[in-house]
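Below you'll find the structure, written out as structure tokens, and then a few comments.
Position 1 is the first residue of the sequence, and the numbers go up from there. When reading the values below, keep in mind they use all heavy atoms of this one structure, side chains included, and skip hydrogens, waters and symmetry mates.
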Amino acid sequence: MKKHVFGLMLLVIAFCAFPNSVLAIEKPPINKTVKSDDIPEEIKVLINRLNEIKALDKSALNRLEKKELRKEVRTIKQKVRSTGNGIYISSGAIILILLLIIIL
């Protein structure tokens with residue numbers, strides 16, 4: 001019983017010692033400027049097409065045309081994302097890697 005009371009007391013002290021207002025510091029936004037020279041011509045064409053679709057008046061289109069536009073937007077976005085050079089690891093994979101490191 002004393003262990004539970006002691007643990008609860010430590011928890012309360014920890015919450016009082018580190019108030020949320022101290023941890024809630026606003027960080028200034030990071031402005032990443034991408035030069036137009038860095039973007040390949042193929043990607044520029046796709047982005048221009050996305051901007052054209054965004055500027056379109058969709059109220060005059062029927063249901064099938066809207067559906068085709070949505071499919072086109074999805075495929076364009078997939079193409080743009082696939083050209084990225086980053087390596088993406090899911091959170092589940094990170095947890096699995098950490099567990100393997102701890103166990104081994």
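Cluster note: I101 groups with I97 through ILVMFWY side-chain heavy atoms spaced under 4.5 Å, whether in direct contact or through intervening members. Counting Ile, Leu, Val, Met, Phe, Trp and Tyr side chains that sit under 4.5 Å apart, directly or through other members, V45 stands alone, with no cluster partners.
Every side chain to side chain contact (heavy atoms under 4.5 Å, CB included) that R74 has, sequence neighbours left out, goes to R70, K71. Residues passing the side chain to side chain contact (heavy atoms under 4.5 Å, CB included) test with I94 are I89, L98, sequence neighbours excluded.
From L96, atom CG reaches atom OG of S90 across 9.0 Å, with rounding to the nearest 0.5 Å. Note that the CD1 atom of I43 and the CD atom of E41 stand 10.5 Å from one another [nearest 0.5 Å]. In this structure, CZ in R63 is found 10.5 Å from NZ in K66, a value given to the nearest 0.5 Å.
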Show the atom names and distances, to 0.1 Å, of all donor-acceptor pairs under 3.5 Å that link a side chain in residues 47-61 to residues at least two apart or in another chain.
| from | atom 1 | to | atom 2 | distance (Å) |
| --- | --- | --- | --- | --- |
| N48 | ND2 | K44 | O | 3.2 |
| R49 | NE | E72 | OE2 | 2.8 |
| R49 | NH1 | E52 | OE1 | 3.3 |
| R49 | NH2 | E72 | OE1 | 3.2 |
| R49 | NH2 | E72 | OE2 | 3.4 |
| N51 | ND2 | I47 | O | 3.4 |
| D57 | OD1 | S59 | OG | 2.9 |
| D57 | OD2 | S59 | OG | 3.4 |
| K58 | NZ | I53 | O | 3.1 |

